[in-house]
Amino acid sequence: MTATETEAAAGRDFIRDIVAADLDAKRVAGVVTRFPPEPNGYLHIGHAKSICLNFGIAQEFGGRCHLRFDDTNPTKEEQEYIDAIENDVRWLGFDWGEHLYHASDYFERLYEWAEHLIRAGKAYVDDSSPEEMRRLRGTLTEPGQESPFRSRGVAENLDLFRRMRAGEFPNGARVLRAKIDMAAGNINLRDPALYRILHAEHPRTGTKWCIYPTYDFAHGQSDAIEGITHSICTLEFEDHRPLYDWLLENLPVPSRPRQYEFARLNITYTVLSKRVLTQLVQQGHVSGWDDPRMPTLAGLRRRGVPAAALREFVRRVGVARANSVVDLALFESTIREHLNKAAPRRLAVLRPLKLVIENYPEGATEELAAINHPEDPAAGTRKLPFGRELYVERDDFMENPPKKFFRLSPGREVRLRFAYFVTCREAVKNAAGEVVELRCTYDPATRGGNAPDGRKVQGTIHWVAAAHAVPAEVRLYNTLFARPDPGARGDIMADLNPNSLEVLKDALVEPALAADTTDGPVQFERQGYFCRDRDSRPGRPVFNRTVGLRDSWAKTQAGG
RNA sequence: UGGGGGAUCGUCUAACGGUAGGACAGCGGACUCUGACUCCGCCAGUCUAGGUUCGAAUCCUAGUCCCCCAGCCA
């Protein structure tokens, strides 16, 4: 982060207010936060909010932030996800230093604490089937009933729990439960499960364990072990806070963290449900977790979104307790702002239409100077080859243009960016009546783009020289979902956008784009920001559109 | 009908009993060798009804609407 960004990120929200107050009142000596993902999928932009919050607070208040994998359910977790998560957090710009932890690091201690609870008469082994437990739990409006196993003695509970650990029972046969209150209005307090039997191989502990702590039994204690002061999570865990507190109060934990909840991020046209994202990958609706249409950090990275833009977006969104849905336009605006400053400009024709300059000498070639960045003279210039045959954008010609159309049409003069004024004399059509070529004339006196007689043109269009253009593939991305509120009407897959990907295989780009194989962003003038995809091959670059330029002409047309 | 939360411009978010502000979106204009960028202007909000107060988005009362919870998921 730059200094200014760090400063800007110090903007206040209710959580930072709490941290500041705790520090002021010396309730805590220093702030310690943590980002605790479960390694059962890839990180997405919703996680970015949590990452920026936790790591950001640690930075701003001079504390530290841990990366902790909440790996308590080996049936869902994989090493691939662990590796991807570490990579993504680093890419986002954060560093956990020495503080990389796993809930599984604490399995032995958690087990001891479970026995502690049993000895204190506050936990018991229940032989009920899952169905029976559900039946006795009651409903939202009716209290639950006590299990017949609730009154088991300490010795029997201890024996049974040890035999659970020893692997004497099959999955689901028994469970360790906290003894709290089956009549509690908060269902999480109706004797929640603490340990379940899972004969499964864990990515880190292998087959050492066949019983695993639940989220509730692992999370708060892990926080306490690490000395976390502010345990920040999303709103749906609000109901778990009483249980979080109950466990910390009934166990000999080394510290006393506090949980605070904030509203998770939602964005229009976007789905941030790990379940649905997994489904998109598994059913082949996207090419993988890093498909540039995915809201995953891997997808956004491949799409060309700068990490700094992601951080800035999260900052602009803010942190509150009210559920909300952020306009995708805010994200796009933030991306453009960053890319506008960073991206050198280039000319690329996405949907080529041949243009022949009849009065330009056959076989002649010349080079014209083009600036690389209009707002940054230090970016310098480059040479653009020019010739009698060019390609221009199909959209830049209309045989019968509407009012205010400032581009090419029969008889109209426009400027070719950095080159000459040309006037369209004729549109050549094929048998099907489609325009296949434009015959034009140019004014040699306008070399460089200005007329000595001072006359103006209303439009400037981009182009490439036929003899020097490099063929390229360009991938245009639209939202994965066609509706701003995917799934709101039931079947979320029914809301998939059939036009989320448009592949242009016949694009032509200026030579400089083929020569440069670095990874930085680039602006195709008048079109948008692009980045080179890893599918690029020598002589055949592939570009992803990160985001289009604002297009008030298109808006006018659509509106009119 | 249980428990826990939340309501401020179209959207997100400030305000901490004292001028309801910012950003995005939208609209209009200036500038322009990108219909981009930039700049200027405009539009627009405290869920409702009472109450306390010199003064209420903020405090009180009563409503309304929205979200979360009945995994041996996290």
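A, B, ... follow the sequence lines: proteins, then strands. Residue 1 opens every chain. Just so it is clear, the model here is predicted, and its values are computed rather than measured.
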Please map the stems of RNA chain B, keeping only stretches of three or more Watson-Crick or G-U wobble pairs with both distances under 3.5 angstrom.
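Result, WC/G-U stems under 3.5 Å: B:2-7 with B:64-69, B:10-13 with B:21-24, B:26-30 with B:38-42, B:47-51 with B:59-63.
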Nearest-Å distance for atom pair [atom1]/[atom2], residues [X] and [N]:
| X | N | atom1 | atom2 | answer |
| --- | --- | --- | --- | --- |
| Asp181(A) | G3(B) | CG | C1' | 12 Å |
| Gln145(A) | G2(B) | CD | C1' | 16 Å |
| Leu330(A) | G10(B) | CG | C1' | 14 Å |
| Ile335(A) | C37(B) | CD1 | P | 14 Å |
| Arg550(A) | A36(B) | CZ | C1' | 9 Å |
| Met133(A) | C73(B) | CE | P | 10 Å |
| Gln458(A) | U34(B) | CD | P | 14 Å |
| Glu510(A) | U34(B) | CD | C1' | 13 Å |

Does OP1 or OP2 of [N] have a side-chain N or O of [X] closer than 4.0 Å?
| X | N | value |
| --- | --- | --- |
| Arg196(A) | C73(B) | yes |
| Ser324(A) | U13(B) | yes |
| Lys555(A) | G26(B) | yes |
| Ser552(A) | A36(B) | yes |
| Arg275(A) | C73(B) | no |
| Arg134(A) | G71(B) | yes |
| Arg316(A) | U13(B) | no |

Which is more 5' along RNA chain B, the nucleotide nearest Phe406(A) or the one nearest Asn40(A)? Just name the residue.
Phe406(A)
How do Glu525(A) and Tyr215(A) order along RNA chain B: which one's closest nucleotide is nearer the 5' end?
Glu525(A)
Would you say Arg417(A) and His462(A) are linked by a side-chain donor-acceptor pair, where the criterion is simply a distance under 3.5 Å?
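No, no side-chain donor-acceptor pair sits under 3.5 Å.
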Checking side-chain polar atoms at under 3.5 Å, does Asp216(A) have a donor or acceptor matched by the opposite partner on Thr214(A)?
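Looking only at side-chain atoms, Thr214(A) and Asp216(A) do not form any donor-acceptor pair under 3.5 Å.
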Between [options], which nucleotide gets closest to the side-chain atoms of [X]?
| X | options | answer |
| --- | --- | --- |
| Arg137(A) | U34(B), C69(B), G71(B) | G71(B) |
| Ile187(A) | C37(B), A70(B), C72(B) | A70(B) |
| Val317(A) | C12(B), U34(B), A74(B) | C12(B) |
| Glu375(A) | C37(B), U11(B), C73(B) | C37(B) |
| Arg526(A) | G5(B), A25(B), U34(B) | U34(B) |
| Ala193(A) | G2(B), C72(B), G35(B) | C72(B) |

Please classify the nucleic acid contact of [X] as base, sugar-phosphate, or nothing, using heavy-atom distances under 4.0 Å.
| X | answer |
| --- | --- |
| Tyr529(A) | nothing |
| Asp126(A) | nothing |
| Leu549(A) | base |
| Thr75(A) | nothing |
| Ser128(A) | base |
| Thr214(A) | sugar-phosphate |
| Phe237(A) | base |
| Arg417(A) | base |
| Thr234(A) | nothing |
| Lys274(A) | nothing |
| Pro374(A) | base |
| Val325(A) | sugar-phosphate |
| Ser333(A) | sugar-phosphate |

Pairwise [atom1] distance, [M] and [N] [rounded to whole Å]:
| N | M | atom1 | answer |
| --- | --- | --- | --- |
| G55(B) | G18(B) | C1' | 7 Å |
| U13(B) | C37(B) | C1' | 26 Å |
| G26(B) | U61(B) | C1' | 40 Å |

Any salt bridge between [X] and [Y], counting N to O under 4.0 Å?
| X | Y | answer |
| --- | --- | --- |
| Arg135(A) | Glu131(A) | no |
| Arg190(A) | Asp181(A) | no |
| Arg204(A) | Asp105(A) | yes |
| Glu226(A) | Arg34(A) | no |
| Arg526(A) | Asp396(A) | yes |

For each nucleotide in nucleotides 39-47 of chain B, reading 5' to 3', give B when a protein heavy atom comes within less than 4.0 Å of its base, S when such contact involves only the sugar-phosphate, and - otherwise.
---------
Pick one: which of Gln458(A), Met398(A), Arg407(A) meets side chain to side chain contact (heavy atoms under 4.5 Å, CB included) with Arg412(A)?
Gln458(A)
Which pair of non-hydrogen atoms, one from Asn340(A) and one from Arg345(A), has the smallest distance, and what is that distance?
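So the minimum-distance heavy-atom pair works out to O-NH2, 2.6 Å.
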Within 6.0 angstrom of Arg321(A) CZ, more than 12 heavy atoms from elsewhere:
yes
Surrounding NZ of Lys341(A) (heavy atoms of other residues, nucleotides or ligands, distance under 6.0 Å), is the total greater than 12?
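More than 12 heavy atoms, drawn from other residues, nucleotides or ligands, come within 6.0 Å of this atom.
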Ignoring hydrogens and angles, are the base of [N] and the side chain of [X] linked by a donor-acceptor pair under 3.5 Å?
| X | N | answer |
| --- | --- | --- |
| Arg345(A) | U34(B) | yes |
| Arg407(A) | G35(B) | yes |
| His240(A) | A74(B) | yes |
| Asn186(A) | C69(B) | no |
| Gln527(A) | U34(B) | no |
| Asp239(A) | G3(B) | yes |

Would you call the rings of Tyr111(A) and Phe161(A) parallel, tilted or perpendicular if under 30° counts as parallel and over 60° as perpendicular?
parallel
Tell me whether the rings of Tyr212(A) and Phe107(A) are parallel (<30°), tilted (30 to 60°) or perpendicular (>60°).
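Taking Phe107(A) first and then Tyr212(A), their aromatic rings stand perpendicular (interplane angle over 60°).
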Could you check whether Phe481(A) and Tyr269(A) have their ring centres less than 6.0 Å apart?
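Judged by ring-centre distance (under 6.0 Å), Tyr269(A) and Phe481(A) do not meet the cut-off.
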